[in-house]
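These notes concern the structure reproduced below.
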2 protein chains.
Amino acid sequence: MWLYHYKMPQLNDSFIEKKDFLVKSLGQYADIPADEINLLADIFKSRNIDKGFFFLQQGDHLSTVALICSGLFRVFCTDLLGNERTLAFRRAGQFIAGYSPYIENREIWYSIQALEDAELIFINFSDYLALEKRHPCWTELTKNYMTELYIEKEDRERSLLQEDASTRYLNFKKKYPCYEKNISQYHIASYLGITPVSLSRLRASLKKD
Amino acid sequence: MWLYHYKMPQLNDSFIEKKDFLVKSLGQYADIPADEINLLADIFKSRNIDKGFFFLQQGDHLSTVALICSGLFRVFCTDLLGNERTLAFRRAGQFIAGYSPYIENREIWYSIQALEDAELIFINFSDYLALEKRHPCWTELTKNYMTELYIEKEDRERSLLQEDASTRYLNFKKKYPCYEKNISQYHIASYLGITPVSLSRLRASLKKD
DNA sequence: GACTGATATTATCATAAGATAATTACTCTT
DNA sequence: AAGAGTAATTATCTTATGATAATATCAGTC
């Protein structure tokens with residue numbers, strides 16, 4: 001298990017070179033007019049997070065949204081016994097966030113940890129909400145992004161209800177072929193909802209066939 | 001298992017009396033200006049669906065959104081072996097929909113069935129998308145509604161990953177105390193992701209304590 | 001190349017849930 | 001009230017996964 005604690009990510013000034021990547025990533029979800037794009041340079045900041053460190057931790061009230069420019073993250077929660085369950089993996093081009101603003105007075109119940117050294121650009125949620133008030137394109141973007149997240153979770157629910165662990169593992173490999181090399185069995189198992197020992201046994205039985 | 005087939009719901013002309021209920025229900029998610037509200041009478045239609053019949057069925061491309069004015073629905077999918085898995089229950093004041101417009105060229109993979117005689121008002125998705133183009137309040141509404149759905153699914157994922165069947169059953173009873181009387185054990189079990197036989201055994205072991 | 005710590009595998013046993021079938025309890029209709 | 005059909009329980013057996021511990025593999029460091 002990871003024993004790293006929260007570490008304030010390093011600020012750096014390479015935002016400019018990441019702006020194109022941000023614009024492209026935002027463009028997946030909505031058309032953002034040039035005027036709005038020009039506002040971003042002031043409010044987006046650039047940071048690195050080393051492997052093993054956290055973007056946010058369970059219990060935080062911290063509210064930021066970040067775009068992953070490079071690196072790999074896992075989103076996970078921990079139960080009272082310390083067992084970790086991985087909800088999702090996130091890679092370059094995807095966003096990570098704590099959604100607490102949508103749930104008033106509620107702590108974030110998951111953590112987001114870098115599995116590789118990572119570069120991020122991020123924005124405070126309060127600044128983002130101000131953008132939404134300025135121009136409807138940002139609401140449109142949030143709507144489309146939330147819809148994508150929702151569909152991802154719908155699919156995950158179906159998988160957890162309908163498939164056995166073996167099928168879930170095979171589908172994980174199919175869906176994330178590149179991930180398998182970079183993610184430990186411990187983390188894959190916690191995504192599949194089984195123990196690492198079960199996953200190992202499962203892999204052994206698949207090899208036989 | 002239900003053997004009813006799809007039945008075109010009955011059209012009736014009692015939309016006016018349901019308009020207040022619609023306005024109140026929409027108001028949960030966004031402020032809709034009076035001008036926009038006035039457009040609704042033309043495009044919303046009112047229908048009833050009898051117990052056992054479907055609002056939509058797995059494989060449909062049908063795209064409508066409906067507000068439940070009375071009655072109870074379950075959203076479920078069926079695997080290749082015919083096993084049903086219930087994704088959610090929906091009651092008066094909640095919306096039901098097929099989201100296929102968001103997933104191009106993809107069939108809806110779940111069915112929505114009335115568990116009680118139900119009254120609905122509904123709108124075609126294409127008409128709703130036209131509203132979104134007219135005024136940003138509708139995009140705002142969709143954004144907030146999708147966020148609520150997303151949070152519901154996030155919670156469900158955590159539950160399926162982290163809790164055993166017994167805990168999930170107790171939490172189901174806590175969350176939906178009124179549902180328990182109206183929903184068969186078969187449907188509760190399919191929501192919990194276990195067989196009805198398992199649920200029955202589980203209930204017996206809970207009674208002992 | 002040997003030591004160390006982290007990961008992954010394998011083995012053993014215990015437990016929860018699935019499959020099937022038989023039984024009991026309800027509900028509705030006549 | 002009897003019978004039919006549906007829903008829920010109980011019993012038996014099987015299987016998948018969990019818990020724990022021992023071993024094996026791998027990566028990094030000196």
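Letters A, B, ... mirror the listed sequences (proteins, then strands); counts begin at 1.
Using modelled atom types, one finds no donor on one side chain facing an acceptor on the other under 3.5 Å when comparing B/Thr78 with B/Glu84. A/His187 and A/Ser190 share no side-chain donor-acceptor pair at under 3.5 Å.
Distances shown here put every side-chain N or O of A/Arg201 at or beyond 4.0 Å from the OP1 or OP2 atom of C/dT10. Under 4.0 angstrom from either OP1 or OP2 of C/dA17 there lies no side-chain N or O belonging to B/Ser198.
Residue B/Tyr186 contributes atom OH, which lies 14 Å from atom P of D/dT6 at whole-angstrom precision. Remark: P of D/dA8 and CZ of B/Arg203 are 8 Å apart, rounded to the nearest angstrom. To the nearest angstrom, C1' of C/dC26 lies 13 Å from CD of B/Gln185. D/dG18 atom P lies 11 Å from atom CG of B/Leu161, rounded to whole Å. For B/Leu202 and C/dA16, the CG to P distance is 10 Å, given to the nearest whole Å. In this structure, A/Asp164 atom CG and C/dA19 atom C1' are separated by 15 Å, rounded to whole Å. Atom CG of A/Asp79 and atom C1' of D/dG18 are 14 Å apart (whole Å). What separates CG of A/Leu206 from P of D/dA16 is a distance of 12 Å, to the nearest Å.
Heavy-atom nearest nucleotides on DNA chain C were determined for A/Leu199 and for B/Ile194, and the one closer to the 5' end corresponds to A/Leu199. The nearest heavy atom of DNA chain D to A/Val197 and to A/Ala165 marks one nucleotide each, and the one closer to the 5' end goes with A/Ala165.
When each of C/dG18, D/dT10, C/dT9 is scored by its nearest atom to the side-chain atoms of B/Thr195, the top-ranked nucleotide is C/dG18.
Ring planes of A/Tyr191 and A/Phe89: tilted class, angle from 30 to 60°. Ring geometry for A/Phe76 versus A/Phe54: interplanar angle of 30 to 60°, hence tilted.
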